[in-house]
Amino acid sequence: MRPLTFTGTLSPVLAGTVLAAKKGHVRADMFAAMLVAALLVQAATNMLNDYFDVLRGQDRDKWATPGDPSFGRGPSHHVVPAVAGVMLSAAVLLGAYLAWHSRLWIAIAGTLGILFGYAYSAGPRPLSSLGLGELVAAVFMGPVATSLAYTVQGDPPDAQVFAVSFPFALLIASMILSNNIRDIEKDRTFRRTLAIVLGRAGAVRFLAVILALAYLSMISLIAFHIVPWTAGIALLALPLAIRLRWCFRCGAERMEEISGMKWAAWHHWVFGLLFVFGIWLSP
């Protein structure tokens, strides 16, 4: 199970940067450092999630371990923590650079992101086994990522930044939930995800609610003049949301459920980039 994909990082960082650009200048070095640091943390979180999944007996065919014929022919499993550690170390250095040139509390927020990313999969009771995966991802890939990308450009986050981050929080939650619905049977003996707690039918209904709220929140932001009307271009992503929901309909084949994560990623990517582009288009 991959809790995060790179589609979850780019859009909120771009959104925070575009909002900052609307109120002043943008430093390219701060944008690049913020984006790379976020990608590194996300990639390391994904790798550690895969690593701990294997320790619990899942996805052993994806990895190679000398002397164990039950493992597959993929990358060496034992090197994953070292690679993830290097990525996180680089992210820490970039975070220190960002904090030094903007606000010191950014270092605290970045540290919390790393700790929660590790706690997502590690330990006897990882957050993913407590049904908190969607919430953790929504917080850190919504308000936190958007606010940090905005703040490193010179201004503290305001109500507009937090409001704009809400659709991104819903989008990433829909990705995590889609992944967990797909993996209900695989996860049942290892963790208790929100999809398992709600049951398949309840989880699918909740997914539909999250997707609907993403569009309603975007429309509300336009209606209350928090974002320009051009942000409504994100409505063009609606067919992808419908296709995603269709993958988990009653009676859907297993291959359709497996493809649901692909459609969730595409939906996040298209909605997020169109939404940001619509904000940027306004004068």
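- Using a 4.5 Å cut-off between side-chain heavy atoms of Ile, Leu, Val, Met, Phe, Trp and Tyr, with links allowed through other members, Leu93 and Leu39 fall into different hydrophobic clusters.
- Pairing each heavy atom of Asp187 with each of Thr193, the nearest pair is OD2-CG2, 3.9 Å.
- Clustering ILVMFWY residues whenever any of their side-chain heavy atoms sit less than 4.5 angstrom apart, transitively, puts Trp229 in the very cluster that holds Ile279.
- Annotation: the span from Trp269 atom CH2 to Leu240 atom CG amounts to 13.5 Å, rounded to 0.5 Å.
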Begin with the C-alpha distance, continue with both residues' side-chain angles, and end with the deciding distance and a verdict on side-chain contact (heavy atoms from CB on, under 4.5 Å) for Met255 and Ser259. CA-CA 6 Å; Met255 290 306 298; Ser259 71; over 6 Å; no
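- Proximity of Phe162 to Ser147: side-chain heavy atoms (C-beta onward) are separated by under 4.5 Å at one or more points.
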Before you tell me yes or no, could you show the steps for Arg245 and Val204 under side-chain contact (heavy atoms from CB on, under 4.5 Å), namely the whole-Å CA-CA distance, both residues' side-chain angles and the distance that decides it to 0.1 Å? CA-CA 8 Å; Arg245 173 59 181 84; Val204 171; 3.3 Å; yes
Please report the C-alpha distance between Gln160 and Lys22 in whole Å, then the side-chain angles of each, then the deciding distance to 0.1 Å, and finally whether the side-chain contact (heavy atoms from CB on, under 4.5 Å) criterion is met. CA-CA 12 Å; Gln160 182 191 29; Lys22 292 294 181 180; over 6 Å; no
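- With a 4.5 Å cut-off on side-chain heavy atoms, His267 and Met175 do not count as touching.
- Under a 3.5 Å cut-off, the side chain of Arg249 and the backbone N or O of Trp246 do form a donor-acceptor pair.
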Run Leu244 and Leu211 through side-chain contact (heavy atoms from CB on, under 4.5 Å) and show every step you take. CA-CA 9 Å; Leu244 166 59; Leu211 292 172; 3.9 Å; yes
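- In this structure, Trp100 places its CH2 atom where only 12 or fewer heavy-atom neighbours from other residues, nucleotides or ligands lie under 6.0 Å away.
- Nearest approach of Met141 to Pro12, heavy atoms of both residues: O-CG, 3.5 Å.
- Following chains of ILVMFWY side-chain contacts shorter than 4.5 Å, one can reach Phe224 starting from Val164, so the two form part of one hydrophobic cluster.
- Counted within 6.0 Å of CZ on Phe116, heavy atoms from surrounding residues, nucleotides or ligands total 12 or fewer; the atom is thus considered open.
- From Phe277, atom CZ reaches atom OG of Ser11 across 14.0 Å, with rounding to the nearest 0.5 Å.
- The backbone N or O of Glu253 lies less than 3.5 Å from a partner atom in the side chain of Glu256, making a donor-acceptor pair.
- For the pair Arg192 (side chain) and Ser128 (backbone), a donor-acceptor distance under 3.5 Å is absent.
- Here the side chains of Leu194 and Phe206 are in contact, with some heavy-atom distance below 4.5 Å.
- Each of Leu94, Leu88, Val86 was scored for a side-chain contact (heavy atoms from CB on, under 4.5 Å) with Leu40, with one residue passing: Leu94.
- To the nearest 0.5 Å, atom CD1 of residue Ile176 and atom CG of residue Leu171 are 12.0 Å apart.
- When side chains are defined from C-beta on, Phe140 does not count as touching Leu148, because their heavy atoms never get closer than 4.5 Å.
- Panel note: side chain Tyr97, backbone Ala33; no donor-acceptor pair is recorded below 3.5 Å.
- Geometric assessment of Arg103 against the ring of Trp105 yields a negative cation-pi assignment under the 6.0 Å and 45° thresholds.
- Side-chain contact between Lys186 and Asp183 is present, with heavy atoms from C-beta onward closer than 4.5 Å.
- Residues Tyr118 and Phe52 have side chains in contact (heavy-atom distance under 4.5 Å, counting atoms from C-beta outward).
- Between the CG atom of Leu238 and the CZ atom of Arg243 there is a distance of 14.0 Å, given to the nearest 0.5 Å.
- The hydrophobic clustering, which links ILVMFWY residues whose side-chain heavy atoms are closer than 4.5 Å, places Met218 and Leu213 together.
- Atom CD1 of Ile222 sits about 7.0 Å away from atom CG of Leu235, to the nearest 0.5 Å.
- Side-chain contact between Val92 and Ile114: present, with at least one pair of heavy atoms (C-beta onward) separated by less than 4.5 Å.
- Among residues at least two apart or in separate chains, salt bridge (Lys or Arg N to Asp or Glu O under 4.0 Å) pairs with a member in residues 200-223 are Arg200-Glu257.
- In this structure, Trp280 is a member of the same hydrophobic cluster as Leu35, with clusters built from ILVMFWY side-chain heavy atoms closer than 4.5 Å.
- In this structure a side-chain-to-backbone donor-acceptor pair under 3.5 Å is missing from Tyr215 to Ala241.
- The shortest non-hydrogen separation linking Gly278 to Pro228 is O-CG, 3.8 Å.
- A donor-acceptor pair is defined here as one N or O able to donate and one able to accept, closer than 3.5 Å; such a pair exists between the side chain of Ser217 and the backbone of Ala214.
- Taking Asp158 as the reference, Lys23 meet the side chain to side chain donor-acceptor pair (under 3.5 Å) condition, with sequence neighbours excluded.
- Nearest heavy atoms, Thr45 versus Gly117: CG2-O, 3.6 Å.
- Taken from CZ in Phe275 to OG1 in Thr230, the straight-line distance is 9.5 Å, to the nearest 0.5 Å.
- Nearest heavy atoms, Trp263 versus Cys247: CD1-SG, 3.5 Å.
- Considering all non-hydrogen atoms of both residues, Leu274 and Ala234 come closest at CB-CA, 3.8 Å.
- Phe166 CZ: 12 or fewer foreign heavy atoms inside a 6.0 Å radius.
- A 4.5 Å side-chain heavy-atom check between Met47 and Met87 finds at least one atom pair inside the cut-off.
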